[in-house]
2 protein chains.
Amino acid sequence: MTAVEPPHSGTRKTTLAEVAAAAGVSLATASKALNNQPRVSDATRRRVQEAAEKLSYIPNAQAQSLISGRTNSIGVITSDLTGRFCTPILLGAEDEFGVTSNTVLLCNARGDALLERNHLSFLLSRNVDGLLIVGDETDPRPHLDVPDNVPVVYVYAPSDNADDCSVVCDNVEAGEMAVNHLLSCGKRKIAIIGGSDTTPNAHNLLLGSPSSAQARLNGSLKALHEAGLEPAGPVRFSQWTESWGRAATRLLLDQNVDFDAVVCQCDGIARGCMDVLKERGISIPSQVAVIGHDNRDMLAPDADPPLTSIDNCPEELGHVAARALIDAINGRPHHGVESISCRLVQRESTLPM
Amino acid sequence: MTAVEPPHSGTRKTTLAEVAAAAGVSLATASKALNNQPRVSDATRRRVQEAAEKLSYIPNAQAQSLISGRTNSIGVITSDLTGRFCTPILLGAEDEFGVTSNTVLLCNARGDALLERNHLSFLLSRNVDGLLIVGDETDPRPHLDVPDNVPVVYVYAPSDNADDCSVVCDNVEAGEMAVNHLLSCGKRKIAIIGGSDTTPNAHNLLLGSPSSAQARLNGSLKALHEAGLEPAGPVRFSQWTESWGRAATRLLLDQNVDFDAVVCQCDGIARGCMDVLKERGISIPSQVAVIGHDNRDMLAPDADPPLTSIDNCPEELGHVAARALIDAINGRPHHGVESISCRLVQRESTLPM
DNA sequence: CTGAAAGCGCTAACAT
DNA sequence: ATGTTAGCGCTTTCAG
C-alpha cells in the first residue's frame, strides 16, 4: 500500500461564485439558473449558463449532498473475485440507475468478513443512498448490521434474515427446466452429474436454503417425478470442474448405466462429460444428449457440438435488485427473497440441427 | 438539548456535534480527539472516542472532503462487459490504495464514447482524485479530455496520446516466452495459430501499436529467429475461439505440416487444438506440445492434459496502474507506456510429468 | 425577478 | 489542553 500525500496544488476548479461573478449575478441567482429553478428570467438564465459553459463549470457534488443529504450513489460490496457474477449484475444495476444518474461505489471484500465490515463503514461514511451486497454463492450469508435509514439488497447470496430483501436466481426452476427440455427432446433415461455439494450447515437447514447443487437437483428430481421417472444411475457430487465431469461420466459408462441424456450441473462438468462421450465414440446428441448450467461464455457456445445450457440471467438479477433498492431508497422497501427465472439456451448438444 | 437516540431507532445520523456534546467537550476538541491530533489529553480523547462508539458515530465524508479538497476516491471507467480484465485490475488497485482509505467509483461505458463522456463528467463532479481508464483491447484508444488537475492512467488499452500515462501488458514478451518455453522443452518445429488480427488502422500504424495478435506473433517470431528457426507451416489469423483452434489444427494436419509444438494465441484456441490432436490420436505433449495465452481460469488448468499458458498478470497491471495514479495524484505524473511482464504457467500440455 | 444570509458537517487557524 | 470562529461550495429561505 502506497502512502497518499496532501493534495497537489494544481489548477483549482471553477466555483459557482466565479460563474456568478462572470455572469454579473449573485450566487443564489446563478444556482437557480443552473438548476432550472423557476424564479429566474430567461435572459439571466442564458447568461449564467453561458458563463458556466465558458468556464467549464462543474458543480461540486460533495457540497450539494452536504445539503440534500443524498449522494446519488450506491455502494456495492462483492466477494466475487472473478467478476463473473458481479459484472453482469453491475451492468444491470447501472441500467436501472442510469435514469436517476447514480454512481456505484464498488468494494471487493474477497470473502473476508473483517474486510467487509471495513468496506461497509467506509461506504456508510460516504453516505451511500443504498447498498447492494453481491455474494458469489447461492448459500445464505449473514445479515449485515446497517443503520436502518440505509436500505440494503442482497443479490445472488440471500441474507439469512428473512426480513431483508434478497434477489436470487431460481436454481430449482433451473433444474426442472433442464430435465423438461431433455424430456421434450424425447429422452427418458436421464443421468445427473452434480457439482460441489457444500453440506448445508445447521443454519441453512433451518432456513431451508440448500446449496445450488441441491436446489438444481431438487428441481430436476421434481421434473422427473412429474414424468413418472427416476434419474438414470446414482447422482454424485464432487466439484464444479471438467475433470469431475470426465470422471463422473466414465463411472456411468463403466458401471453400464443405461442413459440417453445427462444433466450436468455446470458447463465445465458438461464439457468434461462431452469429452468422455466423444472419446468412447458416443454421438451427441443422438445417442446421449448433454445439457449444462450457467451458459458460460467460453464454455457453452464454443463446445463441439455447442452446449445447450440454462442461463441464470445475472444481468436480470442486477436489474431486479437495483429496482428493489431504488424502491427502498424511495421509501418502499421490499422484504423476503425474490427469485429470478432462468432461461434455456438451446444448442446442438441436445438438438440435432 | 436533544435526547441521544440509539442508532437503530434514529433516522438521522449522529453528527460530531452530538458526540462532542455527549462527551462534554467542544466540536474542535472532539474532532482532534477522533483524528488523533496531538493537542488533546488522553483522558479527553478516550471520553470522546467512547461517546463516538456509543453513538455509533460515522464521520461525513462529504463534509470532510469539502474541506480537504480531496475525496479519497478514484473513478474507474471500463468498457469491459465481462469483467475479465476489469475485475483483477480493480483488485490490484484496491490493494494499492489501501482498503480503508480509498473508494473506487466504477462506471461501465460499454464501449460507447457518449456514455463514456457522461460517466466522465459525473466522476469529475464527484471530484475523484484520479481516473483509471480500463480498456478491453490492446489497441490504443482515444485520449480523454480531462481538466489537468485530475490525473488519468490508461490501463490495458493505452492512450493514443504518447504524453499520457498508460500501463499495458507486454504481448511481445508473451509471444517470445511461449516460443522460448517450447524450445526449452526440446521442440523445434513450432506452429503458430493466431487469434483475431484486427487490422490496425492508419492511426495505430503510426503509433506502431499492433493488435495483441500481431504483438504476440512478433514476439514469437523474434524468439524463433533468435534460435535460427521459422514457424512450422503458415501462420493464420481468424478468431479467438475454440472452433477456430479446431479448424486451424485440422488444416495443419491435413496439409501435412511437420510440427512438434503449437503456440496458440489464446487458451480457447489451444483447447480446440488439443481436441483435434486427441481426436487424431496424437499424444500431448510427447508428440505435439501445446501452449496457450491468457491462462484463463476455466480453460487452462482443467484441460486434459492441463494447459501450459502465458498469464498476462492483470492484477499486477492493476497494481502498477494504481501506483502510477497515486504518484500522479501526489504531483509526480508518469508519462508514456509502461509494459508489464507476463508469467509462464507450466502445466502438462508441454511438460511430461 | 434578484440578492443577502443562514447553514449542511466538518476542520483548522487562532485565541484562551 | 480546550474553545471560538471562520469558512469549504452549494442550496434555500426570506427580504427587497
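Naming convention: chains lettered A, B, ... in sequence-line order (proteins, then strands); numbering from 1 in each chain. Hydrogens, waters and symmetry mates are skipped; everything else that's a heavy atom, side chains included, is used.
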Can a donor-acceptor pair be found between the side chains of A/Thr82 and A/Asp80 at a distance below 3.5 Å?
-> yes
How would you label the contact of A/Ser65 with the nucleic acid (heavy atoms, under 4.0 Å): base, sugar-phosphate, or nothing?
-> nothing
In whole angstroms, the gap separating P of C/dG3 from CG of A/Leu16 amounts to 12 Å
Between D/dC10, C/dC1, C/dC10, which one does the side chain of A/Arg39 approach most closely?
-> C/dC1
The single option from A/Asn60, A/Thr103, A/Ile58, A/Leu105 passing side chain to side chain contact (heavy atoms under 4.5 Å, CB included) against B/Arg126 | A/Thr103
Between A/Asn60 and D/dC8, does any side-chain N or O lie under 4.0 Å from OP1 or OP2?
-> no
For A/Ser41, which contact category applies under a 4.0 Å heavy-atom criterion: base, sugar-phosphate, or nothing?
-> sugar-phosphate
Within this structure, what is the CD-to-C1' distance between A/Gln62 and C/dT11, rounded to whole angstrom?
-> 15 Å
Rounding to a whole Å, what distance do you find between B/Asn35:CG and C/dG9:C1'?
-> 13 Å
Ionic contact status for A/Arg110 with A/Glu116, cut-off 4.0 Å | no
Rounded to whole angstrom units, what separation is found between the CG atom of A/Asn36 and the P atom of D/dT11?
-> 12 Å
Map B/Ala61 and B/Lys32 onto DNA chain C by nearest heavy atom, then report which one ends up closer to the 5' terminus.
-> B/Ala61
Over how many whole Å does the gap from A/Leu66 atom CG to D/dG7 atom P extend?
-> 17 Å
To the nearest angstrom, the CG-P distance between A/Asn127 and C/dC10 comes to 9 Å
So, A/Asn127 versus A/Ser125: side-chain donor-acceptor pair below 3.5 Å or not?
-> no
Without hydrogens or angle criteria, can the side chains of A/Asp160 and A/His143 be said to hold a donor-acceptor pair below 3.5 Å?
-> no
Does a nitrogen or oxygen in the side chain of A/Ser31 sit under 4.0 Å from OP1 or OP2 of D/dT12?
-> no
Which whole-number value in Å describes the distance from B/Glu18 CD to C/dC8 P?
-> 11 Å
Report which part of the nucleic acid A/Gln37 touches: base, sugar-phosphate, or nothing (heavy-atom distance under 4.0 Å, all strands).
-> sugar-phosphate
Would you indicate which nucleotide in C/dA13, D/dT12, C/dC10 comes nearest to any side-chain atom of B/Ala28?
-> C/dA13
Is A/Ser68 touching bases, backbone alone, or none of the nucleic acid, heavy atoms closer than 4.0 Å?
-> nothing
Please figure out whether B/Gly24 or B/Ile67 has its closest DNA chain D nucleotide nearer the 5' end.
-> B/Gly24
When the distance from CG of A/Leu27 to P of C/dA6 is rounded to whole Å, what number comes out?
-> 14 Å
Starting at the 5' end of DNA chain D and moving along, which residue's nearest nucleotide shows up first, A/Pro59 or B/Val25?
-> B/Val25
Is there a side-chain polar atom (N or O) of B/Thr15 under 4.0 Å from OP1 or OP2 of C/dG9?
-> no
Which of B/Asp95, B/Leu106, B/Val134, B/Leu132 passes side chain to side chain contact (heavy atoms under 4.5 Å, CB included) with B/Leu90? Answer is B/Leu106
Side-chain donor-acceptor distances from residues 21-33 of chain A under 3.5 Å, at least two apart:
unit_1	atom_1	unit_2	atom_2	d
A/Ser26	OG	A/Ala28	N	3.4
A/Ser26	OG	A/Thr29	N	3.3
A/Ser26	OG	A/Thr29	OG1	3.1
A/Ser31	OG	A/Asn35	ND2	3.4

A correct dot-bracket answer for DNA chain D, with pairs being Watson-Crick or G-U at under 3.5 Å, [ ] for crossing pairs and | for inter-strand pairs, is ||||||||||||||||
Short side-chain N/O contact to C/dT11 OP1/OP2 from B/Gln64, under 4.0 Å | yes
Of all the choices, D/dT4, C/dC10, D/dG9, which nucleotide is nearest to the side chain of B/Ser26 once you look at every atom?
-> D/dT4
Applying salt bridge (charged side-chain N to carboxylate O under 4.0 Å, His left out), name anything that partners A/Arg323, two or more places apart in sequence or on another chain.
-> A/Glu96
